[in-house]
Amino acid sequence: MTISMSNQTAVTEFILLGFPGLQPNFFLPVSITMFFAYIVSLIANSTVIILIILREQLHHPMYIIIANLALSDLLFDTITLPKIIAKYWFGAGSISFNWCFFQLFCVHSLGSLDSFIIMLMAIDRYVAICKPLRYHSIINNRLVILICYFCSVCAALIGLALTLIAGILPYCGPNRVKNCFCATQSVIVLACVDVSLERKKGFIIGMCVHLFPLSFIILSYILIIRVVHLSANNGNWQKAFYTCTTHLIVIGLYFIPRLFVYSITQIPLILDAEFNVLILCLYTFIPHIASPIIFCLGTKEIRNILRQMLNNIFHIKSDHITRRLK
């Protein structure tokens, strides 16, 4: 859908292609997979957020950080997945110009926020393991909440910068986005002008957003591993090592595929469009499903609370059934 403007036409909506070239007989299994991923993400992340809010024993800095990560992932999935699911279920692949750029802003803001929150998580673990006696004097709930707010503002500014880079370009013809959602690199290629400079700007911002937190994360865990190694005779080192292992799994899921995709976009290789979208979806949505599950199963306090809740539910149901039988 376009509007005539002098010698060119202005795009008023975009078409999300999802997986370009996907045969219609695969629409249903792909959409069901995405719907299932969204439901799992919705339940898992909501459960983590609600538990941490309602349970006073989880009102600690580490769990506040986990809740912020879960909220960021939940918002990301809610803003992106329903639209692409609707495309495959109802053929509703069109997205308005303004909504596309709002989605683009949210995608980059929330993606940047994830990087900052995971960095904060690594710093928290460094202080907890390397300076345990001073932990509560260095890190407290109020400080963590303020830092999370600050990270949110920084992430929003990064998202705004990337949105402006794409938004100031003229779009006067092609409007088919080869992606499951609007993102800078997928949208700017549809502009009517040369976008080499804009692609470089997006690449630089993206790499900084990932490499800056990643450098702090790597440094934190090098120091943690050193302390754990030196305290191998201490009975608590297994717990510290296990906690760090679960965090490193989440870190790997978030950062490694992102850096890979950002890097290959600058290499003159022609990769299959479906492969590009598949990699993007895998590194975007799998961590959002995996991280709350990893934290629930890998954190003793959350695991015990979930077990207690399930036991109470089954106990109530069994009592109800017993009374009905009587």
**Q** Would you indicate whether the side-chain heavy atoms of I251 and Y221 approach each other to under 4.5 Å?
**A** yes
**Q** Any side-chain donor paired with an acceptor under 3.5 Å for T184 and H108?
**A** yes
**Q** Closest approach of H288 and N45, non-hydrogen atoms and distance?
**A**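 Looks like O-ND2, 3.1 Å.
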**Q** Between N141 and H59 (side chain of the first, backbone of the second, donor and acceptor by atom type, cut-off under 3.5 Å), is there such a pair?
**A**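 Present.
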**Q** Is there a donor-acceptor contact under 3.5 Å linking the side chains of S196 and D194?
**A** yes
**Q** Restricting to non-hydrogen atoms, name the atom on I138 and the atom on L143 that form the minimum distance, rounded to 0.1 Å.
**A**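 So the two residues come closest at O-CD2, 3.2 Å.
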**Q** Any chance you could measure I224, atom CD1, to Y126, atom OH, to the nearest 0.5 Å?
**A** 9.0 Å
**Q** Please find the pair of heavy atoms, one from Y88 and one from F19, that lie closest to each other, and give the distance.
**A**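 Looks like OH-N, 2.9 Å.
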**Q** Are side-chain N/O atoms of Y254 and D73 paired as donor and acceptor at under 3.5 Å?
**A** yes
**Q** Could you tell me if the ring centre of W89 sits under 6.0 Å from that of F27?
**A**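 No, too far apart.
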**Q** Determine the interplanar angle of the F285 and F76 rings, folded into 0 to 90°, and report it as parallel if under 30°, tilted if 30 to 60°, perpendicular if over 60°.
**A** perpendicular
**Q** Grab the two heavy atoms, one from P61 and one from D124, that are nearest each other, plus how far apart they are.
**A**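 Heavy-atom minimum between the residues: CB-OD1, 3.9 Å.
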**Q** Are F105 and F101 an aromatic pair, judged by ring center distance below 6.0 Å?
**A**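 Ring centres of F105 and F101 not closer than 6.0 Å.
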**Q** Heavy atoms only: give me the nearest I129-V227 pair and the separation to one decimal.
**A** O-CG1, 3.9 Å
**Q** F116 and F212: aromatic ring centres closer than 6.0 Å?
**A**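 Between F116 and F212, the centre distance exceeds or equals 6.0 Å.
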